[in-house]
Amino acid sequence: MDRDQKDTCRAAMLALLPVAAVWIVFIVDSICSLRLARYGLAPLDISRFYGVCTIPFLHSGLDHLISNTPSLFLLVFGLFLFYDRKAWTILLSHYLISGFVTWCMGRQGSLHIGASGLIYALAAFHFASGLIRRVPRQMAFSLLVAFLYGGFVWAFFPTLYIYTSVSWEGHLSGLLTGIALAFYYRRYGPPMPTDPFPDGEDDDDGDADAYWKTD
């Protein structure tokens, strides 16, 4: 197994950890009937500021959790693939900041649960990082994110969710967080590939014997 394969396997294994944590919370909640959803994020309520930390771990049901799982895994996988040891710090930054921004932006009296805000933050981060850093591997991943989650843009319009339970505030908070952190962490990540033809040596104009030379 070469280094790239080892890095990919390692990133996949590490990405399973936060996903497993979310599932463990859901399973324990379901088995023990703890009704943990009541500990979700309550915007602008100081007494329930803990919701900034609890929101990604709480889901309304199995369908809600299943819909978030593939996206969460893929986007966290991308962090560990490109940022190695810095990935934990970047993930924690998205986790806390997106929750805090939702707490500030959300409608008072509402209750927010689910990992969607974190997912939107990571998707925006990967897409913006690909554009900012312009490293080929990251750009390819950002295009994959755009292809898979391009429809997310509709989740930023509150008028589309007036009569639904969808947290558009969490989605918008995630978008803003991801873009901001993409700029903040722009100096981290995989380096640009080395130029195989440094100093303009990408042609053979200096070779007097090149067979394609013409008069």
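In this chain, numbering begins with 1 at the start of the sequence shown.
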Measuring from atom [atom1] of [X] to atom [atom2] of [Y], what distance do you get when rounded to the nearest 0.5 angstrom?
X      : Y      : atom1 : atom2 : answer
Phe77  : Met13  : CZ    : CE    : 12.5 Å
Leu122 : Leu75  : CG    : CG    : 5.5 Å
Gln138 : Leu131 : CD    : CG    : 10.5 Å
Asp29  : Leu36  : CG    : CG    : 3.5 Å
Leu74  : Leu144 : CG    : CG    : 6.0 Å
Gln5   : Asp7   : CD    : CG    : 10.5 Å

Looking at [X] and [Y], would you say the former's side chain and the latter's main chain have a donor-acceptor pair under 3.5 Å?
X      : Y      : answer
Ser110 : Arg107 : yes
Arg38  : Leu34  : yes
Arg133 : Pro190 : yes
Ser129 : His126 : no
Trp103 : Gly51  : no

Check your understanding: Stepwise, does the side-chain hydrogen bond (donor to acceptor under 3.5 Å, both in side chains) test hold for His64 with Ser60?
Key -> CA-CA 6 Å; His64 187 198; Ser60 60; 3.2 Å; yes
For [X] versus [Y], what's the shortest heavy-atom pair and its separation?
X      : Y      : value
Pro191 : Val135 : O-CG1, 3.9 Å
Gly178 : Ala124 : CA-CB, 4.0 Å
Ala115 : Pro56  : CB-O, 3.6 Å
Ala87  : Phe80  : CB-CD2, 3.4 Å
Ser98  : Gly174 : CB-CA, 4.4 Å

Are [X] and [Y] connected in the hydrophobic side-chain network, where two residues link if heavy atoms are under 4.5 Å apart?
X      : Y      : result
Phe141 : Ile119 : yes
Leu148 : Val19  : yes
Leu91  : Leu81  : yes
Phe82  : Leu79  : yes
Ile90  : Phe73  : yes

Practice item. Could you walk me through whether Leu65 and Val22 pass side-chain contact (heavy atoms from CB on, under 4.5 Å), step by step? Key: CA-CA 8 Å; Leu65 178 56; Val22 172; 3.4 Å; yes
Can you establish whether the number of heavy atoms outside [X] located under 6.0 Å from its atom [atom1] is more than 12?
X      : atom1 : result
Tyr185 : OH    : yes
Tyr184 : OH    : no
Phe49  : CZ    : yes

Exercise for review: Run the numbers on Ile113 and Leu41 for side-chain contact (heavy atoms from CB on, under 4.5 Å), then give the verdict.
Suggested key: CA-CA 6 Å; Ile113 59 174; Leu41 187 149; over 6 Å; no
Check your understanding: Could you walk me through whether Ser173 and Thr102 pass the side-chain hydrogen bond (donor to acceptor under 3.5 Å, both in side chains) check?
Key -> CA-CA 5 Å; Ser173 299; Thr102 302; 3.2 Å; yes
Minimum side-chain heavy-atom gap [X]-[Y] below 4.5 Å:
X      : Y      : value
Ser116 : His171 : yes
Ile179 : Phe125 : no
Leu172 : Glu169 : no
Leu111 : Arg48  : yes

Practice item. Evaluate the criterion side-chain hydrogen bond (donor to acceptor under 3.5 Å, both in side chains) for residue pair Tyr188 and Arg186; output intermediate values, then yes/no. Key: CA-CA 5 Å; Tyr188 298 91; Arg186 66 187 181 278; over 6 Å; no
Measure from the ring center of [X] to the ring center of [Y] and say whether it is less than 6.0 Å.
X      : Y      : answer
Phe147 : Phe127 : no
Tyr83  : Trp88  : no
His59  : Phe26  : no

Point to revise | Derivation and outcome, side-chain contact (heavy atoms from CB on, under 4.5 Å), residues Phe100 and Leu96 | key: CA-CA 6 Å; Phe100 175 71; Leu96 295 178; over 6 Å; no
Exercise for review: Check the pair Arg10, Asp84 against side-chain contact (heavy atoms from CB on, under 4.5 Å), reporting the backbone distance first and the verdict last.
Suggested key: CA-CA 9 Å; Arg10 178 178 177 276; Asp84 196 27; 2.9 Å; yes
